[in-house]
Chemist: 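First the structure, which I've put down as C-alpha cells, then a few questions once you've had a look.
Numbers for residues simply follow the sequence, beginning at 1.
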Amino acid sequence: MRLLSLTLLLFFGTVYGACAQTTVEVKLTGVKPGQGNLRVGLFNEGNYLKTPVEGKIAKATAESVVIVFENVPAGTYALSVIHDANENGDLDKTKLGIPKEGFAFSNNVMGKKGPPSYDKAKFEVRSSTVKQELKMRYP
C-alpha cells in the first residue's frame, strides 16, 4: 500500500510539473527612453527569431521597463528584444547588417556575427516566477 501511495504521488507530481505554468518577468535596463516601442519576443527552439510563442510591446518611456509573460508552460525558451524607435516593426540595420536600433537577448548574450544561437540564449521555465534582466545595447 505504501509503494502504491508513493507511486501515485510521484506520478501526479510529474504530471503537475509537466503541466505547470508560470510567469516570466523581463526587466529591461539601459533603455533609451523616448520614441518608439520595445518589442519583446518569447521563443522556443523551433521558432527562434522567426515567430514568437508570445510577444509583448511596451512604450520606451523609462530607462528601466518590466514586461511580464503570464501562464507560460514549463519548457525551454529564449528572449529577443528590439527597441523599434521608428515603429516599423523591424530591427533596422545598415547595409552591412549592423543594427541601427537597440536590442537585447536573454542571458545578455551576444552573437559574434549576428544574433546569438538559441543554445546560448535559452533558459528554463519550470515553476514559480522566472526573472530575466536584460541590458539593452545600442549602436
Side-chain angles (χ1 to χ4, degrees):
M1 184 68 169
R2 184 173 176 187
L3 181 59
L4 178 62
S5 296
L6 182 59
T7 303
L8 288 174
L9 180 63
L10 288 172
F11 172 76
F12 287 115
T14 303
V15 169
Y16 175 77
C19 298
Q21 296 189 340
T22 189
T23 299
V24 176
E25 184 178 295
V26 183
K27 182 177 182 180
L28 304 174
T29 62
V31 174
K32 289 186 178 177
Q35 295 181 320
N37 295 320
L38 298 164
R39 301 174 71 88
V40 183
L42 180 67
F43 297 90
N44 61 24
E45 186 172 17
N47 65 10
Y48 181 56
L49 301 181
K50 294 175 187 150
T51 305
V53 172
E54 187 175 352
K56 300 275 185 172
I57 299 173
K59 289 288 184 189
T61 57
E63 290 181 11
S64 179
V65 176
V66 175
I67 310 282
V68 177
F69 293 92
E70 295 178 344
N71 301 316
V72 177
T76 304
Y77 298 91
L79 293 162
S80 172
V81 182
I82 66 169
H83 183 165
D84 186 13
N86 59 4
E87 298 184 33
N88 68 351
D90 293 317
L91 176 64
D92 295 334
K93 301 175 185 173
T94 67
K95 291 179 182 178
L96 297 174
I98 300 168
K100 291 182 179 180
E101 297 176 299
F103 61 94
F105 294 95
S106 44
N107 302 324
N108 287 305
V109 295
M110 296 283 293
K112 291 186 181 186
K113 293 182 180 179
S117 69
Y118 178 80
D119 283 339
K120 290 184 179 180
K122 70 182 179 181
F123 61 95
E124 296 293 320
V125 172
R126 292 289 173 236
S127 61
S128 189
T129 298
V130 175
K131 295 185 179 190
Q132 282 275 320
E133 185 169 329
L134 310 182
K135 174 137 177 64
M136 294 298 295
R137 298 173 191 271
Y138 289 88

Chemist: Pair Leu42, Leu79 - check side-chain contact (heavy atoms from CB on, under 4.5 Å), show working.
Modeler: CA-CA 5 Å; Leu42 180 67; Leu79 293 162; 3.7 Å; yes
Chemist: State yes or no: do Val109 and Val81 share one hydrophobic cluster built from I, L, V, M, F, W and Y residues joined by side-chain heavy-atom distances below 4.5 Å, directly or via other members?
Modeler: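 Unlinked, Val109 and Val81 end up in two clusters.
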Chemist: Is there a side-chain contact between Thr29 and Leu134 in this structure, where contact means two heavy atoms from C-beta onward sitting under 4.5 Å apart?
Modeler: no
Chemist: Hey, are Glu25 and Lys27 close enough for a salt bridge, meaning a charged N less than 4.0 Å from a carboxylate O?
Modeler: no
Chemist: Quick one: closest heavy-atom pair of Val66 and Val68, and the distance?
Modeler: CG1-CG2, 4.1 Å
Chemist: Do Glu45 and Thr76 touch side chain to side chain, with heavy atoms closer than 4.5 Å?
Modeler: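 Answer no - side chains too far apart.
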Chemist: Can you find a heavy atom in the side chain of Phe105 that is under 4.5 Å from one in the side chain of Leu49?
Modeler: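 SC-SC contact between Phe105 and Leu49 confirmed.
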Chemist: For the CG atom of Leu38 and the OG1 atom of Thr61, what is their distance to the nearest 0.5 Å?
Modeler: 8.0 Å
Chemist: Are Met110 and Tyr118 linked, directly or through intermediate hydrophobic residues, by side-chain heavy-atom contacts shorter than 4.5 Å (ILVMFWY only)?
Modeler: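 Yes, because Tyr118 and Met110 connect within a single hydrophobic cluster, where side-chain heavy atoms sit under 4.5 Å apart.
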Chemist: For Pro139 and Gly102, which heavy atoms make the closest approach, and how far apart are they?
Modeler: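 Closest approach of Pro139 to Gly102: CD-N, 4.4 Å.
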Chemist: Can you list everything that forms a ring-ring contact (aromatic ring centres under 6.0 Å, His included) with Phe103? Sequence neighbours excluded, please.
Modeler: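 For Phe103 there are no ring-ring contact (aromatic ring centres under 6.0 Å, His included) partners, ignoring immediate neighbours.
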Chemist: Take Asn86 and Glu101, measure what side-chain contact (heavy atoms from CB on, under 4.5 Å) needs, and give me the verdict at the end.
Modeler: CA-CA 9 Å; Asn86 59 4; Glu101 297 176 299; 3.3 Å; yes
Chemist: Would Val40 end up clustered with Val125 when hydrophobic side chains under 4.5 Å apart are linked, directly or stepwise?
Modeler: yes
Chemist: To the closest 0.5 Å, what do you measure between OH (Tyr138) and NZ (Lys32)?
Modeler: 7.0 Å
Chemist: Taking Asn88 for its side chain and Asp90 for its backbone only, find out whether a donor-acceptor pair lies under 3.5 Å.
Modeler: yes
Chemist: Taking all heavy atoms of Phe43 and all of Ser80, pick out the closest pair and write down the distance.
Modeler: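 Closest pair (atom of Phe43, atom of Ser80, distance): CE1-CB, 3.6 Å.
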Chemist: Would you compute the distance between atom OG1 of Thr23 and atom NZ of Lys131 and round it to the nearest 0.5 angstrom?
Modeler: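 With rounding to 0.5 Å, OG1 (Thr23) is 10.5 Å from NZ (Lys131).
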Chemist: To the nearest 0.5 angstrom, please state how far the CD1 atom of Ile67 sits from the NZ atom of Lys56.
Modeler: 8.0 Å
Chemist: Going from NZ on Lys135 to OG on Ser64, what distance comes out if it is rounded to the nearest 0.5 angstrom?
Modeler: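 If I round to the nearest 0.5 Å, the distance is 10.5 Å.
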Chemist: Would you sort out whether Val130 and Val72 count as a side-chain contact (heavy atoms from CB on, under 4.5 Å), showing the intermediate values?
Modeler: CA-CA 10 Å; Val130 175; Val72 177; over 6 Å; no
Chemist: With side-chain contact (heavy atoms from CB on, under 4.5 Å) as the criterion, how do Val24 and Glu54 come out once you've worked through the C-alpha distance, each side chain's angles and the decisive distance to 0.1 Å?
Modeler: CA-CA 11 Å; Val24 176; Glu54 187 175 352; over 6 Å; no
Chemist: Would you indicate whether Gln35, at its atom CD, is surrounded by more than 12 heavy atoms from other residues, nucleotides or ligands within a distance under 6.0 Å?
Modeler: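 Not buried by this count: 12 neighbours or fewer within 6.0 Å.
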Chemist: Find out if a path of hydrophobic residues (ILVMFWY) with successive side-chain heavy-atom gaps under 4.5 Å connects Tyr77 to Phe69.
Modeler: yes
Chemist: Identify the heavy atoms of Tyr48 and Ala78 that sit nearest to each other, and give their distance.
Modeler: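 For Tyr48 and Ala78, the tightest heavy-atom pair comes out as CE1-CB, 3.7 Å.
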Chemist: Would you give the length of the straight line joining atom NZ of Lys112 to atom OG of Ser117, rounded to the nearest 0.5 angstrom?
Modeler: 10.5 Å
Chemist: Does Gln132 use its side chain to pair, donor to acceptor, with the backbone of Asn107 at less than 3.5 Å?
Modeler: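 Yes; judged by distance alone, with no hydrogens or angles, the pair exists.
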Chemist: Run the salt-bridge test on Lys59 and Glu87 with the 4.0 Å N-O cut-off and return the result as yes or no.
Modeler: yes
